[in-house]
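Note that ligands are numbered from 1 as they come in the structure, with each ligand's atoms numbered from 1 the same way. These numbers come from a predicted model, not from an experiment. By convention here, the first residue in the shown sequence is residue 1.
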Amino acid sequence: MARSCIIIGGGISGASSALTLSQLRIQCSLYELRDQPATIGGSINLTPNAISLLESIGVELKHGCKVDVIDVYSITTGYRLGEISFRRSGHSLRIMREHLQGALLEAVKAAGIPTYYGSKLKSIEDTSDSAEVTAVFSDGRRAHADFILGCDGVHSAVRTVHIEPNRRPIYTGVAAAYAVVDADGVPAIHFKSSAANAGRSGTLITSFIEEDRKKIFLSAGMQAPEERDREGWKSRGQDHETTMEEVHRRYKDSVIPSIIPLIDKVKEFIFYPIYKLGPEGTWSKGRVLLLGDAAHGMPPQGESTGFAVEDAVLLARVFDRFAEKELSSIFEVYEKTRRPRIDKAYKDAVWRWESIKDKGWLQHKFTEWLAWGYLWMMRNSIEASVTYDIRKETLIE
Ligand SMILES: Cc1cc2nc3c(=O)[nH]c(=O)nc-3n(C[C@H](O)[C@H](O)[C@H](O)COP(=O)(O)OP(=O)(O)OC[C@H]3O[C@@H](n4cnc5c(N)ncnc54)[C@H](O)[C@@H]3O)c2cc1C
């Protein structure tokens, strides 16, 4: 039975699912809000299993810096507290989001999947007496298909206009300020590929972003009050002076020789408020299913991008195995199979997120003291997560 699908959102989950589903001859069309692929966005950590999945769906990753361990340092003592290792499972890849998205969209283009930029979803019409579902866009265009995938991120319109209007994004209380600087002239760079530098006022991520090690990505997590609306965030983001001052204030006590020179090199930090969804939630309704952050946005923990790709690969497996079944049964198998891993990842992400918030002196010392043991204890669970292969997961009927 030939099926057709409208994908809302040309980000990571949208492009990935366009690729996996079109490989099954499901006719996909991609609709993206922006007029062109976004060039903003910091760097993303692609776990070993995410790299393997992307390669398996025909995505060629030409950029990025291989990371076999993330070194964890104390900013206040300079001591190396431990590491998050990918050695036993290969390596992860630190890559700019725009390069990853570019690679995905190149594969989408090569597969001949129609992509419509400047398409903002406004509403969805899905009635039980119709065999099709309709996406209505803000310029009045209408598109019809057998089903719709909501791949439109944590602020998803598919979710809020159709599936679960009350499930709104929740501000985590933390924003990331990020920048990319030249490595040239920075003294005593203390990490081989990537480091998490923990201080009393948050963690500063420092990482090379290409194999030539000429550029370094910096990202400072910092607590910031929520703005009232999108406009408020926009003007907060444009207040570069405040962001610069804030990052300096947070890391001025660093005893690691490269930290202050790295911060001093930044001309402009980009300000990115971090939102999540509440746990669980509804993922599908009628002929519409949510994937990626639209379904399970969680605080960043280095795996969210991989989860979006996993969603796309699993959904295609279910369509392939149960091609003749009703959509509702396909969505049910997908969700039953997917929930356990996502629910566990969500709990872990929320718990780990607490460790990056501002701390008092005593709490900071205590956290540092526990860090080595914590990282050692976590190593098996991190390894299990980054080697997990959704292609081998048993489908639950
Ligand atoms: C511009 C941008 C920058 C980001 N920067 C970072 C970062 O620095 N660090 C990090 O950890 N994560 C970042 N993320 C989030 C990260 O990409 C996701 O957590 C993850 O990759 C999951 O991907 P996703 O496809 O589910 O969602 P996303 O990657 O968020 O993609 C959602 C897509 O849907 C589109 N869209 C939204 N609303 C509509 C609508 N109404 N109609 C049509 N299309 C719509 C968006 O423009 C976007 O292209 C960023 C996301 C975006 C969109």
Go through Lys344 and Arg341 one step at a time and tell me if the side-chain contact (heavy atoms from CB on, under 4.5 Å) criterion holds. CA-CA 5 Å; Lys344 173 165 186 332; Arg341 173 155 164 87; over 6 Å; no

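Ring geometry, Phe137 versus Tyr31: the interplanar angle falls under 30°, so the pair is classed parallel (tilted spans 30 to 60°).
Placement of Tyr251 and Ile205 in two distinct hydrophobic clusters is found when ILVMFWY residues are connected by side-chain heavy-atom separations under 4.5 Å, directly or transitively.
Protein heavy atom closest to atom 26 (O) of ligand 1, with residue, atom name and distance, is Asp293 N, 2.9 Å. Of the protein's non-hydrogen atoms, Leu121 N, 3.8 Å is the one closest to atom 40 (C) of ligand 1. With hydrogens left out, the protein atom closest to atom 47 (O) of ligand 1 is Glu32 OE2, 2.7 Å, a heavy atom. For atom 14 (N) of ligand 1, the nearest non-hydrogen atom of the protein is Tyr272 OH, 3.1 Å.
With atom 5 (N) of ligand 1 as the reference point, the heavy atom nearest to it among Gly14, Ser17, Gly41 is part of Gly41. Of the candidates Ser138, Gly9, Ser13, it is Ser13 that places a heavy atom closest to atom 24 (P) of ligand 1.
Atoms of ligand 1 lying under 4.0 Å from at least one heavy atom of Cys151, given by number and element, are 32 (C), 33 (C), 34 (O). Heavy-atom proximity to Ile8, at under 4.0 Å, picks out these atoms of ligand 1: 42 (N), 43 (C). Of all the atoms in ligand 1, the ones that sit under 4.0 Å from a non-hydrogen atom of Ala157 are 41 (N).
A cation-pi arrangement, defined by a distance under 6.0 Å to the six-membered ring centre and an angle within 45 degrees of its axis, is absent between Arg3 and Phe319.
No part of Ala176 comes within 4.0 Å of ligand 1, judged by heavy-atom distances. The part of Arg97 lying near ligand 1 is the side chain, judged by heavy-atom distances below 4.0 Å.
Two rings, from Tyr275 and His155, have their centers less than 6.0 Å apart.
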